[in-house]
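Single-structure report; data block below.
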Amino acid sequence: GDFFLMLIRFLRFVFVGIGLPIEASAPAYQSHGTEGSHLTNITNTKKAFPVLAVNYEHVRKPFEIALWILLALLMKLGFHLIPRLSAVVPESCLLIVVGLLVGGLIKVIGEEPPVLDSQLFFLCLLPPIILDAGYFLPIRPFTENVGTILVFAVIGTLWNAFFMGGLLYALCQIESVGLSGVDLLACLLFGSIVSAVDPVAVLAVFEEIHINELVHILVFGESLLNDAVTVVLYNLFEEFSKVGTVTVLDVFLGVVCFFVVSLGGVLVGAIYGFLAAFTSRFTSHTRVIEPLFVFLYSYMAYLSSEMFHLSGIMALIACGVVMRPYVEANISHKSYTTIKYFLKMWSSVSETLIFIFLGVSTVAGPHAWNWTFVITTVILCLVSRVLGVIGLTFIINKFRIVKLTKKDQFIVAYGGLRGAIAFSLGYLLSNSHQMRNLFLTAIITVIFFTVFVQGMTIRPLVELLAVKKKKESKPSINEEIHTEFLDHLLTGVEGVCGHYGHYHWKEKLNRFNKTYVKRWLIAGENFKEPELIAFYRKMELKQAIMMVESGQLPSVLPSTISMQNIQPRAIPRVSKKREEEIRRILRANLQNNKQKMRSRSYSRHTLFDADEEDDVSEVRLRKTKMEMERRVSVMERRVSVMERRVSVMEREGRWRGRVSVMEREGKCDGEGG
Amino acid sequence: MGSRASTLLREEEIEEIKKETGFSHSQITRLYSRFTSLDKGENGTLSREDFQRIPELAINPLGDRIINAFFPEGEDQVNFRGFMRTLAHFRPIEDNEKNKDPIASEPLNSRSNKLLFAFRLYDLDRDDKISRDELLQVLRMMVGVNISDEQLGSIADRTIQEADQNGDNSISFNEFIKVGNVYILYIDIDIDI
């Protein structure tokens with residue numbers, strides 16, 4: 001009884017006025033403080049010096065923010081401690097459920113639960129996730145499939161929007177639904193909000209299923225690039241629904257707007273990317289602030305393009321992609337690690353908060369439920385997605401070398417999840433929209449359906465259909481060499497055929513990059529370094545650092561060149577059987593979610609653990625080998641020292657006395673070695 | 001253009017090439033016109049100099065190796081059949097070919113033939129192994145002249161160490177295919193315009 005009351009009061013104290021945009025009443029106890037001082041002023045009696053005073057107002061805002069984030073992270077921690085749960089249910093679902101519970105709790109107390117404020121979402125929560133995705137975007141698969149991705153993103157989203165909008169309008173015309181007040185433009189607006197595949201949701205779910213790279217990059221790339229379409233459609237229909245009529249000119253301007261928005265966003269991002277790369281050229285004396293440049297330039301790119309109503313997401317992606325090769329050539333290894341860790345950390349926190357807030361916002365309402373409308377929306381979402389994917393794949397496969405199989409198509413269609421962006425766009429709708437509440441309810445239902453039903457079932461379906469999973473392979477110098485070799489080979493053969501294809505233009509771009517761009521953006525003499533050498537150097541550096549940390553190598557090395565000769569040239573063979581045993585143990589230790597290239601990884605949970613663990617195993621193997629070599633060389637050295645002493649003593653004729661000394665030494669060595 | 005009449009492609013030849021390589025009629029005619037435009041001597045065969053005149057091959061680090069791949073052992077001239085036979089390795093694998101007559105010999109552009117072609121570009125002495133020296137040569141071609149020998153040597157050592165499984169300090173064909181992501185080893189180019 002008492003405890004419960006105290007708990008309620010504590011929660012009231014904590015949650016009151018939570019949510020940045022929402023004002024709250026001052027808690028009861030606060031007036032006590034002001035009263036006290038008020039009294040002091042009037043009566044002028046000496047009051048005892050307050051040893052302990054409470055002033056919540058002073059810290060309220062940061063305190064609440066920190067508390068929310070802390071609670072979100074504790075929840076995340078909790079899930080991973082329950083192994084069976086996290087294997088079955090994707091994290092996003094669990095977080096939404098937590099959000100629902102928290103929202104329910106707040107409502108029970110009698111406070112107003114905070115709603116996911118659109119400004120907070122778009123300016124604070126979304127950028128880290130997108131930057132993380134863009135910076136670590138696997139360039140090769142992305143550029144090889146960019147045509148397909150664009151077709152899905154642009155045409156697919158347009159198809160979804162119009163199909164859904166049109167059919168919903170037709171639905172609203174039916175008398176029995178009771179929504180005859182909804183006009184076509186409102187329906188199209190709704191269609192455009194709900195049609196876009198959401199990068200946050202896709203990332204969250206696809207993270208855990210480790211699908212093959214092709215499907216992953218298709219769905220993920222689509223979710224990133226459809227932002228431009230969504231922005232244009234949304235603004236278009238919002239403007240039009242205010243005016244009420246659409247002319248051909250408006251449609252034409254809309255198309256022009258699309259190109260401006262997308263290409264403008266990319267341009268803005270690229271400019272900031274080059275600025276960041278150029279800045280990083282001069283940071284060799286101020287290594288500590290290097291990561292900040294990366295973050296700030298990217299954020300500025302996002303804000304600048306949002307300022308002009310261009311696509312912020314595309315700007316962010318363009319910025320990350322453009323600056324990465326040059327920045328990584330310039331910054332120190334520690335800065336690289338810092339950037340990686342901070343991006344993963346921020347995006348992880350953002351994602352967690354987004355899902356929890358989604359849950360809380362659902363409880364907050366306002367809701368207007370209409371069975372037919374909502375159910376039809378959900379069904380239409382699925383249907384339009386499936387039809388769109390099948391139809392587009394049919395056309396795309398005519399132009400692709402590697403065709404998309406039926407299984408790939410299924411996963412692409414099924415993986416088209418909706419998420420918080422749709423919700424925030426719906427929330428942005430001005431209150432004058434009479435259908436706003438209905439739309440919001442429908443949007444939330446679609447999001448719940450896609451995240452819960454599709455998110456939970458996609459993993460067993462992937463297993464069931466035996467869809468190709470991600471191939472696990474270590475970052476390997478072999479791969480790098482063969483890739484470059486093949487690039488040259490295919491460019492050459494294209495030249496022989498007189499065909500100016502994919503490889504020809506890639507080669508031209510590389511050459512341009514090498515001769516002009518790198519010169520300006522990479523510090524010192526490094527710009528001449530071939531990519532293969534840079535890759536190898538980084539690999540050896542990482543290994544050297546790991547070996548130093550595990551105590552294998554002396555930490556002071558004479559020069560960087562000797563670091564590259566760490567590889568033992570002649571490895572004394574550990575017995576074959578033992579080596580087989582070690583290799584078997586190492587292979588058994590390989591986890592499933594290993595990334596292809598460490599520098600291209602974009603996993604949320606496993607950043608260093610997987611790499612470190614099997615690299616540690618690899619290091620252990622090398623350790624054993626190196627230990628053996630070291631012992632052998634130590635013994636050899638000792639033997640040669642003793643031999644030299646013997647010959648010297650023989651010459652000086654005092655060998656009799658010395659031999660006894662050496663015998664003693666030899667004994668010690670024998671015992672010690 | 002008069003002397004070209006003798007080198008025009010006959011229908012039977014086109015059919016034969018089609019059967020051997022799997023290229024379509026239009027692809028074969030297109031590549032034939034390319035062949036004749038390269039053939040400055042107008043004698044129906046290409047020599048090494050004809051290839052070296054192609055600008056893309058001149059600046060390609062692997063230019064010489066690619067040119068060599070077109071010429072069979074010890075010969076200095078390649079006719080159109082040989083030209084097509086080499087190019088057939090780069091034709092994309094089509095789905096319908098998988099259902100072809102199993103008795104027929106493996107098509108030139110099968111997965112393993114493509115990989116074998118790439119492997120042979122490394123393995124010049126045809127001993128079915130990529131030795132450290134052969135690897136060093138390729139690395140040197142790709143990387144240029146600025147890198148020291150010992151650095152290149154350690155890269156070669158590391159490469160062999162990663163790939164080598166039977167301990168013979170060289171990369172055999174089986175080890176070659178295992179290394180690296182299969183997705184990367186798509187040795188296809190799209191010959192249609």
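Scope of the values below: all heavy atoms of this structure, side chains included, with no hydrogens, waters or symmetry mates.
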Show the nearest heavy-atom pair for residues [X] and [Y], with the distance to one decimal.
{"X": "G495(A)", "Y": "R34(B)", "answer": "O-NH2, 2.8 Å"}
{"X": "V496(A)", "Y": "I54(B)", "answer": "CA-CD1, 3.9 Å"}
{"X": "H488(A)", "Y": "I66(B)", "answer": "O-CD1, 4.0 Å"}

Once rounded to the nearest 0.5 Å, what's the spacing between atom [atom1] of [X] and atom [atom2] of [Y]?
{"X": "L489(A)", "Y": "F117(B)", "atom1": "CG", "atom2": "CZ", "answer": "6.0 Å"}
{"X": "E494(A)", "Y": "N60(B)", "atom1": "CD", "atom2": "CG", "answer": "11.0 Å"}
{"X": "C497(A)", "Y": "L87(B)", "atom1": "SG", "atom2": "CG", "answer": "4.5 Å"}

Exercise for the section: Just say parallel, tilted or perpendicular for the rings of H482(A) and Y122(B), cut-offs at 30° and 60°. Expected result: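 Geometry flag for Y122(B) against H482(A): perpendicular rings.
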Practice task
Tell me, for F35(B) versus chain A, whether the close heavy atoms (under 4.5 Å) come from the side chain, the backbone, both or neither.
Solution key: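 Neither part.
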Handout entry: chain A contact via L57(B) - side chain, backbone, both or neither, heavy atoms under 4.5 Å
Key =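 Side chain only.
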Practice task
Report the option among L38(B), L135(B), I59(B) that has the most heavy-atom pairs separated by less than 4.5 Å from atoms of chain A.
Solution key: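 Among the listed options, the one with the most contacts to chain A is I59(B).
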Exercise for the section: Check whether more than 12 heavy atoms from other residues, nucleotides or ligands sit under 6.0 Å from atom CG of D64(B), and answer yes or no. Expected result: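 No - once you tally the heavy atoms of other residues, nucleotides and ligands closer than 6.0 Å, there are 12 at most.
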